[in-house]
Number of protein chains: 2
Amino acid sequence: MDVVREFRNGALRLLVLRHATDAEVHGALLSEWLAARGHRVSPGTLYPLLHRLQDAGLLKSRIEVVDGRRVRRYRTTKRGKRALAECRAVLAELAADVA
Amino acid sequence: MDVVREFRNGALRLLVLRHATDAEVHGALLSEWLAARGHRVSPGTLYPLLHRLQDAGLLKSRIEVVDGRRVRRYRTTKRGKRALAECRAVLAELAADVA
DNA sequence: TTCGCTGATATCGCTTCGCGATAGCAAGGC
DNA sequence: GCCTTGCTATCGCGAAGCGATATCAGCGAA
């Protein structure tokens, strides 16, 4: 029961959607980006999350070949942006409530 | 995969710790308080959560009798307050990152 | 006093999620 | 061919979510 970790985990969805709105991200870079913000996340958490977000229609992806290596690039969909907006609202309320 | 719900869920811990810092809360009232803030949570989620938070030493509880009914009142421990402070810091970073 | 009623708490059962470890996979260098 | 390297995917087990259901203690009414 690591409360901070679990809170971070919920926030992960938000950060992924946020980041994939501006750029076409791929898993490994995303992992570094998150780690730089203090969110260390294992591949066993990140990839299933990406798949679930895609299944839910919040992300879309395509395979791209970069330097011969195949990477799966994700981008936030319109639906994903709506979810993000909703999360931002919840975040604002939350900040007010725990202040 | 309801992203908003899952984000709320992580936030739940924070709100519980926050609320139990100011007052000695009990499950049912807490449930109403959360619902009023848009966090509808079933007893099957809330009670196990309270137990886990107590097991982790973030909450302490005692049975009290009110109008003949026994209620379990929770209060945030010192350790719980530290966890809360840490979560607040994460929350602030998060707000900055998704802005 | 026995029978529900009510509000509070607890638990069950199934599903989903987290996540470390491990495997797969394609291109380049040897 | 066969390592190595860098991404991506999966496995397996433990933990958590949560609707439904059970338990529990006083209360009032018949």
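Hydrogens, waters and symmetry mates are skipped; everything else that's a heavy atom, side chains included, is used.
- Within 4.0 Å of A:R13, counting heavy atoms only, lie sugar-phosphate atoms of the nucleic acid but no base atom.
- Between the side chain of A:T76 and the backbone N or O of A:L17, at least one donor-acceptor pair lies under 3.5 Å.
- Within the structure, ring-ring contact (aromatic ring centres under 6.0 Å, His included) pairs that include any residue of residues 30-56 of chain B comprise B:H19-B:W33 (at least two apart or interchain).
- Sequence neighbours left out, not one pair with a member in residues 42-53 of chain B passes salt bridge (charged side-chain N to carboxylate O under 4.0 Å, His left out).
- Checked against side-chain contact (heavy atoms from CB on, under 4.5 Å), A:A95 has the following partners two or more places apart in sequence or in another chain: B:L91.
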Show me the donor-acceptor pairs within less than 3.5 Å that the side chains of residues 23-31 of chain B make with the rest of the protein, sequence neighbours left out.
residue, atom, partner, partner atom, Å
B:E24, OE1, B:R62, NH2, 2.9
B:E24, OE2, B:R62, NE, 2.9
B:E24, OE2, B:R62, NH2, 3.4

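- Taking the nucleotide of DNA chain D with the nearest heavy atom to each of A:V71 and A:E6, the more 5' of the two is matched to A:V71.
- Here A:R88 pairs with A:R18, A:L84, B:V98 under the side-chain contact (heavy atoms from CB on, under 4.5 Å) rule; sequence neighbours left out.
- Heavy-atom contacts of chain B under 4.0 Å fall on DNA chain C between two terminal nucleotides, which in 5' to 3' order are C:dG7 to C:dC17.
- Listed by first and then second residue, the salt bridge (charged side-chain N to carboxylate O under 4.0 Å, His left out) pairs involving residues 34-44 of chain A are A:R37-B:D97 (not counting sequence neighbours).
- For residues 59-99 of chain B, there are no ring-ring contact (aromatic ring centres under 6.0 Å, His included) pairs, not counting sequence neighbours.
- Of all the residues in residues 17-52 of chain B, B:S42, B:G44, B:T45, B:R52 reach under 4.0 Å from DNA chain D with at least one non-hydrogen atom.
- For A:R79, the side-chain contact (heavy atoms from CB on, under 4.5 Å) criterion is met by A:L58, A:T77, A:R82, not counting sequence neighbours.
- Counting 5' to 3', DNA chain D first comes under 4.0 angstrom of a heavy atom of chain B and last does so at the ends given by D:dA16 to D:dG26.
- In this view, B:R69 satisfies the side-chain contact (heavy atoms from CB on, under 4.5 Å) rule with no residue, not counting sequence neighbours.
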